[in-house]
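Below: the structure, in structure tokens.
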Amino acid sequence: MTNRQRKAAAVLAAFAAAVAAWLPATSAQAADGPVVHISVWNDDIGIPIPAEDPPQISWGLYNDGPGAAKDVTIKADFSKVKDWVTADGQSVDTYTWSPIADVKEGSNAGYIVDLRAKPGTPLGTKGTVTLSGTSSNGTVVSTDVQVTAGNVELSVNELTDRKGDKPGSTIENPVTISNTGSLPAHGAQLQMRTTPGLSYADRYSNCVYSTVKDPDYQATQQALCTFDTVLEPGKRYRLQQPVKLDVGSQALFEYFQDDVLASPGDATAGPSGDNKLSLVEDGTATSGGQRTGRQVITVDNTADMVAGGDKAKGAPGDVVPVDISLSNEGPGWVHYNLSDDQPALLFTVPTGTKAVEIPKECSVWNGNAGTGEQTPGAPQYVCDPHDNAFAVGDSRTFHFGLEIRKGAKTTTGEVKAMTAYGNVMTFDHNHANDTAAVTVKVEGDDSGAGASPSASATTPGGDDSAGGNDVTTQTVADTAATGSLASTGSSSVLPVVAAVGAGALLVGGGLVFVVRRRRA
């Protein structure tokens, strides 16, 4: 299998799993052996003319069972289109892939084949390619792929990122759609999404408005607008009115995303109504556009992240519970997806106690970042919520169990709101509530609360055998945030870092490159 085939196979394996949810419920019991479905990535393919990068028929397999399908061979019938379509450069009636000895139950990878239109083929020529197969102990269900000479290629314009808009203002985004393909698009859809701090200032009769869940954000406002305009190849069209977005009181880190959707020959009539958003011809198609556009909008607003402490009481040898917290008191909501330096909470364990129960979202602090380890007995831990989107009023609580050491006095530790790499949260202008006390009152000690923890040389972690912080001293990392860049220490409890290291962060439908901060 070539590298290209392996790459396609990996994509198709994931695709086949998704397809399984809607595949027809074929009765495996009614067949002699397993039933295998061919799942194609795209069943309606436009072949660009000329085709610098030819499209492909890409397929995978889904086996309903029972058991594995043996000796599976898949072929494509090109007899109806061989006069004008080539398969991997060949003019053939049938294109057959290498046999697959064993197709397990569930999703399985497949293969690809390049499609090209022969010179002189009239634009708009259509035909059908049928994929079918055989198995030595089962049944393979066939599927059809429609192919068309020429293609529709729609893209939206790139919007400039914005910074400094204030709550209460309105943003106007001029949106255009270009058709850089060779066939007209008989209608189009524009799907627009905004984060919770933005809302649509205007409502149109041919747009459907809803709230949807976005995997990277909280509730997201969507507008799906349908146009029955024919978008001719080589031309650009603009929305008659710019997209107006109202900036809400909770807006802080926002985005606006637009996706243009269409397929060859897909004529869709938009909903009727007087207040209709229309497309207007606007010159020559713009090259270099993209199907999905994303605009980052950083609003001139703040959010107050608050550290919450706790009190506990017990005797030496007891394990006492403490619940520390990180909360957002607004006015802005927080989800800073342009960096992995997310809101976090640093816990300095009170002198004379040892952390023996550590939450899964907290790990040993090494002075620059979390280590990802829930090792008992460390002097400090950093807690980084896996769900790091904070709506106004949201709070995350982290439960620790502290063992009181023999000879300990009533003692006080500290929690501190900061970023996951020890920096100041620049959007938080109120630092009076960045820290809070965690006090453990030791029974039989009438001396009162111990002194607040002092800062000294950085230590990468506690000594479990020594019992964490000593009853008389406390060695902690210097967490004074300087605004300088944080170190590259990685933590398994930081989902962005674990997933992408120092590289790229996938947001919604786009790719955002992030820079990890370093401390001086």
Please report the interatomic distance CZ(F78) to CH2(W84), rounded to the nearest 0.5 Å. 10.0 Å

Tell me whether D282 contacts the main-chain N or O of R238 through its side chain, where contact means a donor paired with an acceptor under 3.5 Å. no

Passing candidate, side chain to side chain donor-acceptor pair (under 3.5 Å) with Q257, options R193, Q222, R294, Q295: R294

Partner of H431 by side chain to side chain donor-acceptor pair (under 3.5 Å), out of D434, D428, N433: D434

Can you confirm whether K75 is buried at NZ, in the sense that more than 12 heavy atoms of other residues, nucleotides or ligands lie under 6.0 Å from that atom? no

At what distance, to the nearest 0.5 angstrom, does NZ of K213 lie from OG1 of T220? 7.5 Å

Does a donor on one side chain and an acceptor on the other come within less than 3.5 Å for D259 and T292? yes

Please confirm whether the ring centroid of F427 lies under 6.0 Å from the ring centroid of F253. yes

Does either side chain, that of D77 or that of T94, offer a donor lying less than 3.5 Å from an acceptor on the other one? no

Roughly how far, to the nearest 0.5 Å, is OH of Y62 from CD1 of I38? 15.5 Å

Give a yes or no on whether the backbone of A420 and the side-chain of D384 come within a donor-acceptor separation of less than 3.5 Å. no

Is the closest side-chain heavy-atom distance between F390 and P385 below 4.5 Å? yes

N179 side chain to K235 backbone, donor-acceptor under 3.5 Å: no

Given 3.5 Å as the limit, does a donor-acceptor pair link the side chain of K163 with the main chain of V296, or not? no

Do D202 and Q241 meet the criterion of a side-chain donor-acceptor pair at a distance under 3.5 Å? no

Do the side-chain N and O atoms of T128 and Q146 include a donor-acceptor pair separated by under 3.5 angstrom? yes

Any idea which heavy atoms bring T286 and S178 closest together, and the distance? N-OG, 3.0 Å

S363 backbone acceptor or donor facing K360 side chain under 3.5 Å: no

Polar side chain donor-acceptor pair, S395 to S327, under 3.5 angstrom: yes

Between D165 and V299, which heavy-atom pair has the shortest distance, and what is it? O-CG1, 2.9 Å

Donor + acceptor pair across side chains of T148, K126 (<3.5 Å): yes

Looking at K80, I want to see if its NZ is surrounded by more than 12 non-hydrogen atoms of other residues, nucleotides or ligands under 6.0 Å. no

Return yes if some donor-acceptor pair links the side-chain N/O of Y421 with the main-chain N/O of D340 below 3.5 Å, else return no. no

Please check: side-chain N/O of N206 versus main-chain N/O of T226, any donor-acceptor pairing under 3.5 Å? yes

Are S182 and N151 close enough that some pair of their side-chain heavy atoms sits under 4.5 Å apart? yes

Spell out, as yes or no, whether a donor-acceptor pair under 3.5 Å connects the side chain of N301 to the backbone of A251. yes

Between the side chains of Q221 and T211, is a donor N or O closer than 3.5 angstrom to an acceptor N or O? yes

Side-chain heavy atoms of V36 within contact of S135, under 4.5 Å: no

